[in-house]
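What follows is a set of notes on a single structure, which appears directly below.
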Amino acid sequence: MLRLLRPLLLLLLLPPPGSPEPPGLTQLSPGAPPQAPDLLYADGLRAYAAGAWAPAVALLREALRSQAALGRVRLDCGASCAADPGAALPAVLLGAPEPDSGPGPTQGSWERQLLRAALRRADCLTQCAARRLGPGGAARLRVGSALRDAFRRREPYNYLQRAYYQLKKLDLAAAAAHTFFVANPMHLQMREDMAKYRRMSGVRPQSFRDLETPPHWAAYDTGLELLGRQEAGLALPRLEEALQGSLAQMESCRADCEGPEEQQGAEEEEDGAASQGGLYEAIAGHWIQVLQCRQRCVGETATRPGRSFPVPDFLPNQLRRLHEAHAQVGNLSQAIENVLSVLLFYPEDEAAKRALNQYQAQLGEPRPGLGPRELPLTAHHLTLRTSSASSSDPWGRRGSSTMPWSTWGPASRILTPGPLQLSSLRHLEKSSDVLLLEGVTLTQDSRQLNGSERAVLDGLLTPAECGVLLQLAKDAAGAGARSGYRGRRSPHTPHERFEGLTVLKAAQLARAGTVGSQGAKLLLEVSERVRTLTQAYFSPERPLHLSFTHLVCRSAIEGEQEQRMDLSHPVHADNCVLDPDTGECWREPPAYTYRDYSGLLYLNDDFQGGDLFFTEPNALTVTARVRPRCGRLVAFSSGVENPHGVWAVTRGRRCALALWHTWAPEHREQEWIEAKELLQESQEEEEEEEEEMPSKDPSPEPPSRRHQRVQDKTGRAPRVREEL
């Protein structure tokens with residue numbers, strides 16, 4: 001009966017026809033305790049399906065309000081009970097030694113005190129929830145994981161925009177549509193609906209407002225914009241607002257981790273595994289789940305709505321901006337507090353150390369009590385390293401196993417010249433962090449390239465080997481068997497043609513006799529050569545896998561180079577979507593987010609233009625420039641720290657082998673494995689044919705499509721060497 005009456009009761013709460021609708025989603029029943037969001041949402045969808053638009057709006061809005069109210073109750077009750085001395089953990093437990101390690105609480109005493117404190121905290125939370133939510137408290141308002149996901153994806157707003165449209169409330173329909181679209185930018189139907197709303201005469205530009213995005217994002221963007229305009233005094237309050245809002249958002253997220261719906265979801269995910277253990281197994285299992293949830297809050301707080309990955313280094317970067325802004329306006333004490341807070345996250349941050357020394361020198365005499373600002377444990381105690389494929393911590397920094405690349409060996413270290421033999425790789429030197437291979441010259445390191453995780457190495461190919469690979473690309477293109485962009489105009493500029501050849505396509509062409517097997521085998525070998533060297537230089541403790549290999553040629557189109565202003569390849573990063581306006585890089589599709597290191601092995605230099613260059617994240621400030629040449633490898637990490645582009649090729653044909661590497665074995669290049677197997681099969685077949693040939697026939701093999709086959713006694717294609 002109550003469920004039948006709920007739509008009618010909520011319908012009475014709607015404003016009368018013609019009355020102005022308040023902006024946003026204001027509370028429909030002021031002072032009333034929240035209802036069960038799952039029941040409200042289910043009833044709202046039933047009303048929507050039945051075409052009862054007004055009840056659907058009321059139910060969906062009440063579901064959103066109740067869900068938000070539940071979060072506030074959990075946050076408030078958690079804070080008040082944590083501050084209640086009667087529900088606090090006894091101080092004797094905070095530093096208690098192990099039961100058998102000497103004096104201190106016995107096992108029975110610490111166990112009783114621990115459980116007594118937990119019971120007190122539970123009783124405090126239960127009573128607080130009952131006062132705020134009514135009888136039953138949070139226990140009667142449990143929310144399942146499916147509903148949490150729906151609210152996280154903002155699905156109620158998808159239904160609301162349609163219902164508002166049917167009720168002729170176009171302003172609210174546009175706001176609901178925009179709110180949903182911000183979190184779901186790839187939703188094609190909503191994209192079309194948004195375009196329709198913009199064409200409607202009754203919809204104003206102000207109607208497209210986000211009703212859900214936390215306010216700290218607006219303050220963050222405004223603060224960065226003001227700071228970029230050198231208006232530090234105006235930027236400071238907005239940056240401080242953004243920081244406090246970020247921390248508050250994180251605290252709210254962490255409070256949700258202790259809610260009953262999270263516990264229920266954890267039990268569902270474990271499929272009842274918790275019931276198989278005892279008391280302490282259950283406590284430990286739930287506590288681990290809570291800690292994991294709290295850790296995820298770091299990334300969720302730093303993730304913009306509609307984005308899949310967090311803003312890199314979000315909270316530490318806010319502190320960096322604050323200390324810079326305070327220093328610009330002369331607030332040296334506040335600048336020191338914020339830079340000391342940065343060092344809580346990264347004690348070895350050289351830039352922060354230099355800034356601290358500068359501020360202290362300007363301030364003069366040391367001031368007692370001047371230290372880092374009081375950040376909650378939520379912040380600097382959550383910089384745990386993760387084990388994801390990218391090995392990045394929650395702040396977007398790369399894994400701690402990676403040393404700063406400026407500490408790698410000096411560029412003047414010249415190793416033995418000559419070609420690099422895969423069959424006889426020999427470590428010549430391993431001094432501190434330097435690990436190189438025979439036959440390779442380290443030409444420029446990260447410091448000389450004005451960046452991090454960059455290197456230029458020469459000597460990976462001889463001129464003869466470059467010639468073989470250039471001939472392979474030419475033969476494949478001449479046969480009309482190109483992969484990639486089929487030799488048409490480049491997708492990046494109308495002034496060049498773009499040709500691409502994968503290792504598998506090369507192997508298939510070699511098997512068909514269209515190209516020589518020597519070039520296909522060399523392509524496969526060289527790609528493994530680059531992978532071995534990249535791993536040895538950048539990631540000696542962690543194996544790298546090839547994720548994609550592409551032989552690419554860019555050719556200038558004659559007659560279309562006059563007054564050319566574009567690039568051969570615009571500035572980009574290889575594993576994230578670069579936003580030059582904000583300097584941020586979104587590690588999400590369509591970027592290849594699993595790529596960790598990139599390599600460009602050049603085959604020629606007989607062309608004009610086509611230099612590789614690195615920039616700052618703004619895509620404007622060039623930090624380094626590298627001229628291609630045969631056998632030169634430019635290797636670098638694939639993230640936001642290495643935005644790069646290619647200057648226009650204005651004459652000739654520029655060819656290079658582009659390679660991307662990953663730490664994730666599941667993203668290993670399967671085509672490379674298939675190409676290797678295909679070439680091995682072809683080689684075995686050729687050996688069998690040679691064995692079947694009559695030995696008494698001294699005549700040479702007649703010319704055919706196999707005329708380029710060259711093998712030694714082991715069946716392997718011999719290395720091509722330069723004739724001196």
Side-chain angles (χ1 to χ4, degrees), residues 419-425 437 439-440 459-477 479 481-484 499-536 543-553 595 597-603 630-631 633 635 655-662 665 667-687 705-706 708-712 714-721:
L420 176 65
Q421 298 285 348
L422 277 184
S423 59
S424 60
L425 284 179
L437 302 174
V440 176
L460 271 81
L461 294 171
T462 66
E465 288 175 319
C466 289
V468 171
L469 293 177
L470 288 170
Q471 187 64 42
L472 172 67
K474 183 179 179 180
D475 291 344
R482 311 173 185 92
S483 63
E499 299 164 353
L501 184 67
T502 64
V503 288
L504 180 58
K505 190 65 176 180
Q508 292 170 343
L509 294 175
R511 187 179 179 89
T514 306
V515 301
S517 60
Q518 182 182 3
K521 291 178 181 178
L522 182 60
L523 177 63
L524 201 68
E525 179 189 346
V526 166
S527 61
E528 174 61 16
R529 195 184 306 177
V530 173
R531 186 205 64 80
T532 302
L533 182 57
T534 304
Q535 176 179 316
L544 281 174
H545 310 277
L546 281 167
S547 67
F548 189 55
T549 307
H550 209 199
L551 178 55
V552 174
C553 293
R595 292 175 175 174
Y597 287 94
S598 306
L600 295 166
L601 179 60
Y602 297 108
L603 305 182
C630 168
L633 172 67
C655 294
L657 186 60
L659 309 101
W660 292 272
H661 309 84
T662 178
H667 290 292
R668 183 188 291 113
E669 184 177 14
Q670 295 302 315
E671 286 196 357
W672 194 95
I673 300 173
E674 294 177 25
K676 182 178 180 181
E677 294 174 351
L678 190 61
L679 290 174
Q680 287 176 343
E681 292 175 3
S682 300
Q683 181 173 300
E684 292 171 359
E685 292 174 1
E686 292 168 359
E687 289 177 349
R705 292 187 302 179
R706 300 181 181 274
Q708 297 185 42
R709 185 179 68 232
V710 180
Q711 293 188 341
D712 59 14
T714 63
R716 292 185 56 190
R719 288 289 303 275
V720 180
R721 297 187 179 276

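Computed over heavy atoms, backbone and side chain alike; hydrogens, waters and symmetry mates excluded.
Distance alone, capped at 3.5 Å, is enough to place a donor-acceptor pair between the Arg529 side chain and the Leu460 backbone. Put simply, the side chain of Glu669 never gets that close to the backbone of Leu546: no donor and acceptor are under 3.5 Å apart. Of the possible donor and acceptor atoms, none in the side chain of Ser517 sits under 3.5 Å from a partner among the backbone N and O of Ala510.
Expressed to the nearest 0.5 Å, how far NZ of Lys474 lies from SG of Cys553 amounts to 11.5 Å. In this structure, His667 NE2 and Arg595 CZ are separated by 11.0 Å, a value rounded to the nearest 0.5 Å. In this structure, SG in Cys655 is found 7.5 Å from CD in Glu499, a value given to the nearest 0.5 Å. Between atom CG of residue Leu679 and atom CG of residue Leu504 there is a gap of 9.5 Å, rounded to the nearest 0.5 Å. To the nearest 0.5 Å, atom CD of residue Gln518 and atom CD of residue Gln471 are 10.5 Å apart.
Counting only heavy atoms from C-beta outward, the side chains of Leu522 and Glu525 approach each other to under 4.5 Å. Proximity of His550 to Leu501: side-chain heavy atoms (C-beta onward) are nowhere separated by under 4.5 Å. Side-chain contact between Leu659 and Arg531 is absent, with no heavy atoms from C-beta onward closer than 4.5 Å.
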Please step through side-chain contact (heavy atoms from CB on, under 4.5 Å) for the pair Leu509 and Leu472, ending with a clear verdict.
-> CA-CA 10 Å; Leu509 294 175; Leu472 172 67; over 6 Å; no

What do the steps show when you test Asp475 against Thr514 for side-chain contact (heavy atoms from CB on, under 4.5 Å), and what is the final call?
-> CA-CA 8 Å; Asp475 291 344; Thr514 306; over 6 Å; no

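Summarising the geometry of Leu633 relative to Leu533, their closest heavy-atom pair is CD2-CD2, 4.1 Å, with the distance given to 0.1 Å. In plain terms, the two heavy atoms of Gly519 and Leu469 that are nearest each other are O-CD2, 3.9 Å. Minimum interatomic distance between Leu461 and Tyr602 (heavy atoms only, all atoms of both residues): CD1-O, 4.3 Å. Heavy-atom minimum distance, Ala506 versus Val515: O-CG2, 4.0 Å. The nearest pair of heavy atoms linking Ala635 to Thr534 is CB-OG1, 4.5 Å. For the pair Thr662 and Ser547, the tightest heavy-atom approach, listed with the atom from each and the gap, is CG2-CB, 3.8 Å.
Side-chain atoms of Trp672 and Thr549 include no donor-acceptor pair closer than 3.5 Å.
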